[in-house]
Protein chains: 2
Amino acid sequence: MTAILVVDDEPQLRKALRVNLQARGFEVLEAADGETALHLAAASRPDLALVDLGLPGISGLDVIAGIRGWSDLPIIVLSVRGAEQDKVDALDAGADDYVTKPFGMGELLARVRAALRRRGADADEPVIRTAAFEIDLAQHRATVGDDEVHLTPTEWALVTMLLRHPGRLVTQRHLLHEVWGPGFDHETNYLRVHLANVRRKLEPIPSQPRYFITEPGMGYRFEPGSEG
Amino acid sequence: MTAILVVDDEPQLRKALRVNLQARGFEVLEAADGETALHLAAASRPDLALVDLGLPGISGLDVIAGIRGWSDLPIIVLSVRGAEQDKVDALDAGADDYVTKPFGMGELLARVRAALRRRGADADEPVIRTAAFEIDLAQHRATVGDDEVHLTPTEWALVTMLLRHPGRLVTQRHLLHEVWGPGFDHETNYLRVHLANVRRKLEPIPSQPRYFITEPGMGYRFEPGSEG
DNA sequence: ACCGCTCTTCACGCGATCTTGACGCGGCGG
DNA sequence: CCGCCGCGTCAAGATCGCGTGAAGAGCGGT
């Protein structure tokens with residue numbers, strides 16, 4: 001059975017989540033603070049975690065970082081409206097997605113399903129295949145159909161950064177920091193231009209991206225084709 | 001008999017691998033740290049290596065680089081989930097494939113068989129043939145048409161380095177590190193000059209290289225002629 | 001000491017790549 | 001309904017990296 005770890009200090013919200021998730025056939029583990037969250041995650045190995053950022057004691061951010069130290073399980077962050085910086089920090093720390101409180105249960109469940117689906121589809125091979133293109137990480141090669149496509153160093157860095165975290169929302173800051181180094185954290189211009197080039201080379205319809213998705217205001221996400 | 005070198009510091013995992021591999025008729029060599037791994041690899045010449053990245057002392061990455069200095073045996077990396085950057089680094093260092101821990105034994109065995117099969121296909125002959133030239137790695141001889149061509153030591157080191165990884169991009173840093181040693185990681189000048197010499201001697205049209213391809217900003221790649 | 005081979009070092013020209021700025025569009029809030 | 005912000009697009013200029021030729025240094029053999 002699929003187990004989901006719920007980390008939130010409000011008993012009401014925990015209860016609401018428990019009821020809804022169990023109704024969908026998920027097993028639910030609950031933690032009211034960061035410490036028990038980390039212990040539970042290590043002991044029970046859940047398949048996904050929902051983490052509230054506003055926790056007493058150990059912050060939600062530390063919970064994310066603590067889990068990411070040893071596991072790649074999908075993490076969805078719950079945060080209050082307006083706390084944009086918190087969301088970005090959480091994503092930078094390795095969260096996969098976020099939901100803004102208050103949220104509809106339907107939206108949350110959709111994101112949970114999406115995160116689980118992506119993770120399952122995450123092919124663990126050194127070559128990533130989609131319906132449109134194929135990227136061989138070991139050989140450093142990209143092909144579209146039968147034609148080899150040349151990616152510039154910057155483009156390659158961007159693509160691998162996104163491919164390395166299938167389905168995960170990668171923040172602009174994170175991308176800029178990894179590809180251009182420190183000091184470029186706000187040059188979102190670069191991302192727009194180079195992402196456009198990547199799409200022109202890899203996307204079937206560059207103006208309607210299907211694999212390299214923009215999350216306005218936050219960052220970008222590689223969406224592996226649902227292979228089924 | 002086919003010998004497999006297992007490099008991991010966890011005795012449990014080593015035992016599990018040993019039992020399963022021996023059951024399939026493989027001979028198993030074990031190393032708990034990087035040093036013994038390198039010694040064993042040099043002394044016993046295994047046919048394949050399974051290397052854990054999280055080793056005490058010498059890192060798994062250095063083990064890979066150390067082996068790649070003189071051998072082309074297939075290397076499969078074992079890495080924990082979430083250590084995405086490590087995997088990419090390992091591939092850059094010359095690993096052939098990776099498996100994420102925890103893994104099913106069936107999957108691992110499949111990858112071992114695949115790696116051995118791939119290798120058997122191309123590395124049977126120590127002599128590499130293309131339409132333009134022929135290189136005998138064992139005898140240290142290169143011929144173009146019927147004429148023997150003399151390669152200087154540096155050129156030979158570069159050529160073998162590239163030939164050992166057909167089709168794969170070898171980074172500038174990797175080449176410089178293996179041919180010139182540490183401390184030359186940024187002397188890309190050397191590569192340009194010596195690659196030019198290699199092309200002058202081996203390529204049919206040196207100014208339009210077909211076999212020794214430049215990947216601007218990243219490195220070089222040996223492109224074997226389509227052998228069909 | 002001389003010679004030949006090899007490697008290092010440098011400067012130049014050229015093309016690929018990156019940066020930069022301007023523009024239009026669409027969504028969102030006022 | 002209007003204005004603002006973020007994104008995609010495009011084109012120009014600046015920059016970087018590569019290939020090339022050639023000169024000088026190091027080294028071993030004769």
Side-chain angles (χ1 to χ4, degrees), chain A residues 81-82 84-85 87-88 91 100 140 142 148-159 161-162 169-173 175-176 178-181 183-221, chain B residues 140 142 148-159 161-162 169-173 175-176 178-181 183-221:
Chain A
R81 213 178 170 52
E84 305 293 332
Q85 191 54 54
K87 283 189 246 178
V88 172
L91 292 169
T100 304
H140 259 260
E148 180 155 359
V149 171
H150 177 71
L151 297 180
T152 70
T154 307
E155 289 160 7
W156 186 261
L158 276 177
V159 167
M161 178 108 315
L162 290 169
L169 171 48
V170 184
T171 61
Q172 298 170 342
R173 210 174 58 181
L175 284 169
L176 287 165
E178 288 293 323
V179 176
W180 279 270
F184 290 79
D185 288 11
H186 298 99
E187 304 285 351
T188 58
N189 257 335
Y190 298 5
L191 290 179
R192 295 211 294 276
V193 173
H194 290 283
L195 250 297
N197 289 335
V198 166
R199 285 173 176 148
R200 200 168 301 134
K201 293 181 181 179
L202 296 180
E203 290 274 3
I205 310 170
S207 58
Q208 300 168 32
R210 187 183 150 185
Y211 299 101
F212 297 97
I213 310 296
T214 301
E215 296 275 348
M218 302 297 287
Y220 294 85
R221 176 201 307 276
Chain B
H140 250 250
E148 180 158 356
V149 171
H150 175 69
L151 296 180
T152 71
T154 307
E155 289 160 9
W156 188 261
L158 276 178
V159 167
M161 195 87 227
L162 290 169
L169 169 66
V170 186
T171 61
Q172 298 170 343
R173 217 175 53 183
L175 284 169
L176 287 165
E178 287 298 326
V179 177
W180 279 270
F184 290 78
D185 288 9
H186 297 99
E187 304 285 352
T188 59
N189 256 333
Y190 297 6
L191 291 178
R192 296 212 294 275
V193 174
H194 290 285
L195 250 296
N197 289 334
V198 166
R199 284 173 176 148
R200 202 167 299 136
K201 293 180 181 179
L202 297 180
E203 290 273 4
I205 311 171
S207 58
Q208 300 168 33
R210 187 185 150 184
Y211 300 101
F212 297 96
I213 309 295
T214 301
E215 294 281 348
M218 301 194 275
Y220 294 86
R221 170 200 315 277

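The figures here come from the full heavy-atom set of this structure, side chains too, leaving out hydrogens, waters and symmetry mates. Worth saying up front: this structure is predicted, and the values here are computed from it rather than measured. Letters A, B, ... are given to chains in the order of the sequence lines, protein chains preceding strands, and every chain is numbered from 1.
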If you check every side-chain atom of [X], which of [options] has the closest atom?
X	options	value
A:Val193	C:dC7, C:dC18, D:dC10	D:dC10
B:Thr154	D:dT20, D:dC18, C:dC7	C:dC7
B:Thr152	C:dC18, C:dT19, C:dT6	C:dT6
B:His194	C:dT8, D:dC10, D:dG21	C:dT8
A:Ser207	D:dT9, C:dC7, C:dT17	D:dT9
A:Arg192	D:dC7, C:dT17, C:dT9	D:dC7
B:Thr214	C:dT17, C:dT19, D:dC18	D:dC18
B:Ala196	C:dT8, C:dT17, D:dT20	D:dT20

d([atom1], [X]; [atom2], [N]) in whole Å:
X	N	atom1	atom2	result
B:His186	D:dG17	NE2	P	11 Å
A:Tyr190	D:dT15	OH	P	12 Å
A:Trp180	C:dT17	CH2	P	15 Å
A:Met218	C:dG27	CE	P	20 Å
B:Ile205	D:dG19	CD1	P	16 Å
B:Phe212	D:dG19	CZ	P	13 Å
A:Tyr220	D:dC7	OH	C1'	7 Å
B:Leu191	D:dC18	CG	P	9 Å

Does D:dC10 have its OP1 or OP2 closer than 4.0 Å to a side-chain nitrogen or oxygen of A:Arg200? yes
D:dC18 OP1/OP2 closer than 4.0 Å to side-chain N/O of B:Gln172: yes
Donor-acceptor check, side chain of [X] to backbone of [Y], threshold 3.5 angstrom: yes or no?
X	Y	result
B:Arg210	B:Pro204	no
B:Arg221	B:Glu215	no
A:Glu203	A:Tyr211	yes

Please find the pair of heavy atoms, one from B:Val159 and one from B:Leu202, that lie closest to each other, and give the distance. CG2-CD1, 4.4 Å
Going by ring-ring contact (aromatic ring centres under 6.0 Å, His included), A:His194 matches just one of A:Trp156, A:Phe212, A:Tyr220, A:Trp180. Which one? A:Trp180
Flag yes if more than 12 heavy atoms outside B:Arg173 fall under 6.0 Å of its CZ atom; otherwise flag no. no
Can you find a heavy atom in the side chain of A:Thr214 that is under 4.5 Å from one in the side chain of A:Arg199? yes
Do B:Arg200 and B:Asn197 come close enough that some side-chain heavy atom pair is under 4.5 Å? yes
Between the opening five pairs and the closing five pairs of the helix from C:dA1-D:dT30 to C:dG30-D:dC1, how far apart are the helix axes, to 10°? 30°
